[in-house]
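Take a look at the structure below.
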Amino acid sequence: MEKLIQDLQQRFGAAVQRVDQMRGETSLVVDRGSMLDVLRSLKASGFEMLEDLTAVDWLTLKNGPLNPKGERFSVIYILYSLSTNSTLRV
């Protein structure tokens, strides 16, 4: 997974805004303008299944540390790789 994250950061630069790893789970924060390209790259890298799609409403936490841009909503894609049995949140 670390190699994949490094490749994404190298390829997409600042569009990969943050990488969080906790308890064996990896989450990426990606710029909205690059999201489709990042998702296509992840699909080509083996994350072929969209396991879940959800959203966060930041109404009461608009300017908190998890939402530095102060946007109202965030969309979260949960991807799954059948070949590596790995989950990735984007």
Side-chain angles (χ1 to χ4, degrees):
M1 182 74 77
E2 289 182 29
K3 170 103 171 81
L4 174 65
I5 300 302
Q6 289 174 350
D7 291 346
L8 286 173
Q9 289 174 318
Q10 185 175 26
R11 180 173 176 192
F12 295 102
V16 179
Q17 298 171 349
R18 195 171 77 224
V19 178
D20 294 325
Q21 294 183 326
M22 180 182 240
R23 297 182 184 151
E25 297 179 0
T26 304
S27 300
L28 302 176
V29 177
V30 176
D31 181 65
R32 157 185 0 184
S34 300
M35 182 62 74
L36 188 56
D37 292 332
V38 170
L39 290 172
R40 283 182 179 144
S41 178
L42 288 167
K43 183 177 181 181
S45 297
F47 283 90
E48 61 275 333
M49 182 176 163
L50 177 63
E51 186 175 350
D52 201 359
L53 178 65
T54 189
V56 176
D57 182 349
W58 296 101
L59 179 63
T60 60
L61 298 171
K62 262 190 172 176
N63 297 313
L66 296 174
N67 187 19
K69 289 186 174 183
E71 295 178 349
R72 171 77 192 265
F73 297 102
S74 293
V75 176
I76 302 166
Y77 301 85
I78 301 173
L79 307 176
Y80 182 72
S81 170
L82 296 168
S83 60
T84 63
N85 193 29
S86 302
T87 301
L88 179 65
R89 263 187 241 112
V90 184

Any chain of hydrophobic side-chain contacts (each under 4.5 Å) joining L53 to L39?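 Same hydrophobic cluster.
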Do the side chains of V38 and M49 join up, straight or via other hydrophobic residues, at under 4.5 Å, putting them in one cluster?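 Shared cluster, no.
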Table please: side-chain donor-acceptor pairs of residues 28-36 below 3.5 Å, with sequence neighbours left out.
unit_1: D31; atom_1: OD1; unit_2: K69; atom_2: NZ; d: 3.4
unit_1: D31; atom_1: OD2; unit_2: G33; atom_2: N; d: 3.2
unit_1: R32; atom_1: NH2; unit_2: E71; atom_2: OE1; d: 3.4
unit_1: R32; atom_1: NH2; unit_2: E71; atom_2: OE2; d: 2.9

Hey, are the side chains of V56 and F73 touching, using non-hydrogen atoms and a 4.5 Å cut-off? no
Quick one: list whatever passes side chain to side chain contact (heavy atoms under 4.5 Å, CB included) with D37, sequence neighbours left out. F12, R40
Roughly how far, to the nearest 0.5 Å, is the [atom2] atom of [Y] from the [atom1] atom of [X]?
| X | Y | atom1 | atom2 | answer |
| --- | --- | --- | --- | --- |
| T26 | R23 | OG1 | CZ | 14.0 Å |
| D52 | I76 | CG | CD1 | 9.5 Å |
| L50 | Y77 | CG | OH | 8.5 Å |

List the atom pairs, with distances to 0.1 Å, where a side-chain N or O of residues 82-90 and a protein N or O form a donor-acceptor pair under 3.5 Å, not counting sequence neighbours.
unit_1: S83; atom_1: OG; unit_2: S81; atom_2: OG; d: 3.2
unit_1: T84; atom_1: OG1; unit_2: S81; atom_2: OG; d: 2.9
unit_1: T84; atom_1: OG1; unit_2: S86; atom_2: OG; d: 2.9
unit_1: N85; atom_1: OD1; unit_2: Y80; atom_2: OH; d: 2.3
unit_1: S86; atom_1: OG; unit_2: T84; atom_2: O; d: 3.2
unit_1: R89; atom_1: NH1; unit_2: S27; atom_2: OG; d: 2.7
unit_1: R89; atom_1: NH2; unit_2: E25; atom_2: OE1; d: 2.4

Can you give the donor-acceptor pairs under 3.5 Å from side chains of residues 3-10 to other protein atoms, not counting sequence neighbours?
unit_1: K3; atom_1: NZ; unit_2: D7; atom_2: OD1; d: 3.1
unit_1: K3; atom_1: NZ; unit_2: D7; atom_2: OD2; d: 3.3

Check D57 against R72 and note the closest heavy-atom contact, atom names and distance. OD1-NE, 2.6 Å
